[in-house]
Trainee: 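Can you keep this structure in mind? I'll have questions shortly.
Computed from heavy atoms alone, side chains included, the values below leave out hydrogens, waters and symmetry copies. Here is how names work: the chains are called A, B, and so on, in the same order as the sequence lines, proteins then strands, and each is numbered from 1.
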Protein chains: 2
Amino acid sequence: MGYKYQKEDIIALGSELIRKNGYHNVGINEILKICAIPKGSFYNFFSSKEDFIAQSIELYGSKNLDLIRSFLEAKEPSPTQRLRNLYQYMLNINDQEGCNAGCLINNLSIELAGMNAPIAKIIDAQFQEMVVEIARCVQEGQDLGEITQTFSALYIAEYIHAGIGGAFSRMKAQNNRTYLDKWFAMTFEFIAAKAVV
Amino acid sequence: MGYKYQKEDIIALGSELIRKNGYHNVGINEILKICAIPKGSFYNFFSSKEDFIAQSIELYGSKNLDLIRSFLEAKEPSPTQRLRNLYQYMLNINDQEGCNAGCLINNLSIELAGMNAPIAKIIDAQFQEMVVEIARCVQEGQDLGEITQTFSALYIAEYIHAGIGGAFSRMKAQNNRTYLDKWFAMTFEFIAAKAVV
DNA sequence: TTCAATTTAAACCAATTGGTCTAATTCTTT
DNA sequence: AAAGAATTAGACCAATTGGTTTAAATTGAA
């Protein structure tokens, strides 16, 4: 049965708040409120606010990895189409929630990574795990001749995944999915294998 | 002679602090300290912290626009090379300061735009002004056959400028310019005009 | 069933937050 | 030179910040 509150529930609710409103803009008290837990329980699970966000990044990252795998590990459709489906899914999610939040990890990279080395390290590790997974699919696409071989699968995967971060930044300023869709169309055109001369 | 403190000096010092450490992580008192001004003077120039950041975005944006023009409005070298020089310059600046800050406007877009519509509008306006300037140069490159015509000059300009935002996010998490350079090489390869089959 | 360990609970804390207020000073205009 | 406006100055404020503390309740193991 266990105890009354579950750590993962606190992370789920709290990190969602921070994803939408920012780390420094969300106080512990606000997290306690939506979780309906007393302060003592929070500090029982997390040694500090920074520890909370560190664990949040890891849980959010592992869930994200699961999502990526669920799209990319299949045998069909084609690698490129699987990648398209994954990113189209992400864009739709962002659209549905109002184009005002984006990705927790990308947001924290901008807000925290520059001045907090431990957090930067955790963010970087999560990013790399995702990129490796994406690169696997890109590699498949290259082997099939769908995707350009001008750059390595890893480079292309990094390029795609960093690119959506920039797209999220535009999305939040414009509060619509316009640039998201432009980014999608252009990126997949750019990485497509070109006809050999 | 005027009065003792200049509004632009306060913006210059304060916005630099916020660019490096974030909006919610920098308090008014900290800004007063590095500017060596009393609180009364700050609130004489700015009606609130939000008003301060709004004016900061506009001044930072107009200075950035000047920088962009200084690189792109020349007649030589070629349009593509002028664009390369501009972005190489930006990457170098970020490298020199330690790969931990990035662009004020991009940072604020992530930290504030999603939950602050007035600020989002100001950010978007600044972004568009810059993109128009970049698009002019891209257009020139397209006319000369240096840059792909698969997408409009405006789209390509947006793609480049949003792309560097994503690259900054990676730069901050890795605390080095590795991804910055990858982004540079790949972006200019992708937008290059391809040989016709 | 006892008992130590863990978890829950919330009052409490010093420090900081953005912002106000009043007075003194400085500037510009008449 | 005098008057009115703008600026400088910093003490002050309520609210909030992340975090500590102490005590009660709950848990799993012996």
Trainee: May I ask you to say whether K33(B) pairs ionically with E30(B), meaning some side-chain N is under 4.0 Å from a carboxylate O?
Mentor: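 No.
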
Trainee: Measuring centre to centre across the rings, with the benzene-like ring taken for any Trp, is F184(A) within less than 6.0 Å of F188(A)?
Mentor: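 Under 6.0 Å, so yes.
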
Trainee: Among E140(A), E133(A), E76(A), E73(A), whose salt bridge (charged side-chain N to carboxylate O under 4.0 Å, His left out) with R82(A) holds?
Mentor: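 Only match with R82(A) under salt bridge (charged side-chain N to carboxylate O under 4.0 Å, His left out): E140(A).
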
Trainee: For the pair made of CD1 in I28(A) and C1' in dT17(C), what is the distance, rounded to whole Å?
Mentor: 16 Å

Trainee: Taking atom P of dA9(C) as reference, at what distance in whole Å does atom CG of N29(A) sit?
Mentor: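 For the pair N29(A) CG and dA9(C) P, the rounded distance is 16 Å.
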
Trainee: Give the nucleotide from the list dT26(D), dA9(C), dT20(C) with an atom nearest to the side chain of Y3(A).
Mentor: dT26(D)

Trainee: Within 45 degrees of the axis of the six-membered ring of Y23(A) and under 6.0 Å from its centre: does K49(A) put its NZ or CZ there?
Mentor: yes

Trainee: How close or far is atom C1' of dT26(D) from atom CD of Q6(A), stated in whole angstroms?
Mentor: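 Q6(A) atom CD is separated from dT26(D) atom C1' by 14 Å.
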
Trainee: For DNA chain D, which residues of residues 41-56 of chain A approach it to below 4.0 angstrom with any heavy atom?
Mentor: Y43(A), S48(A), K49(A)

Trainee: Round to the nearest Å and state the distance from K39(B) atom NZ to dC12(D) atom C1'.
Mentor: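 Interatomic distance, NZ of K39(B) to C1' of dC12(D): 10 Å.
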
Trainee: Look at all strands and tell whether G40(B) reaches a base, only sugar-phosphate, or nothing, counting heavy atoms closer than 4.0 Å.
Mentor: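 Base contact.
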
Trainee: Measure the distance from CD1 on I31(B) to P on dT16(C) and round it to the nearest whole Å.
Mentor: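 Roughly 16 Å, once rounded to whole Å.
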
Trainee: With respect to the side chain of Y5(A), which nucleotide from dG19(D), dA9(D), dA9(C) is positioned closest?
Mentor: dA9(C)

Trainee: Give the rounded distance in Å between these two atoms: NZ of K33(B) and C1' of dG10(D).
Mentor: 16 Å

Trainee: Should we count OH of Y155(A) as having more than 12 external heavy atoms under 6.0 Å?
Mentor: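 No, OH of Y155(A) has 12 or fewer neighbouring heavy atoms, counting only those of other groups under 6.0 Å.
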
Trainee: Categorize K4(B) for me: base, sugar-phosphate, or nothing, with a 4.0 angstrom heavy-atom threshold over every strand shown.
Mentor: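 Counting heavy atoms under 4.0 Å across all strands, the contact made by K4(B) is with sugar-phosphate only.
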
Trainee: Expressed in angstrom and rounded to an integer, what is the separation of H24(B) atom NE2 from dT16(D) atom P?
Mentor: 14 Å

Trainee: With a sphere of 6.0 Å drawn around CD of Q81(B), does it hold more than 12 non-hydrogen atoms of other residues, nucleotides or ligands?
Mentor: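 More than 12 within 6.0 Å, yes.
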
Trainee: Rounded to the nearest angstrom, tell me the gap between atom CG in N25(B) and atom P in dG18(D).
Mentor: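 Whole-Å distance recorded here is 11 Å.
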
Trainee: In terms of relative ring orientation, are F52(B) and F42(B) parallel, tilted or perpendicular, with 30° and 60° separating the classes?
Mentor: tilted

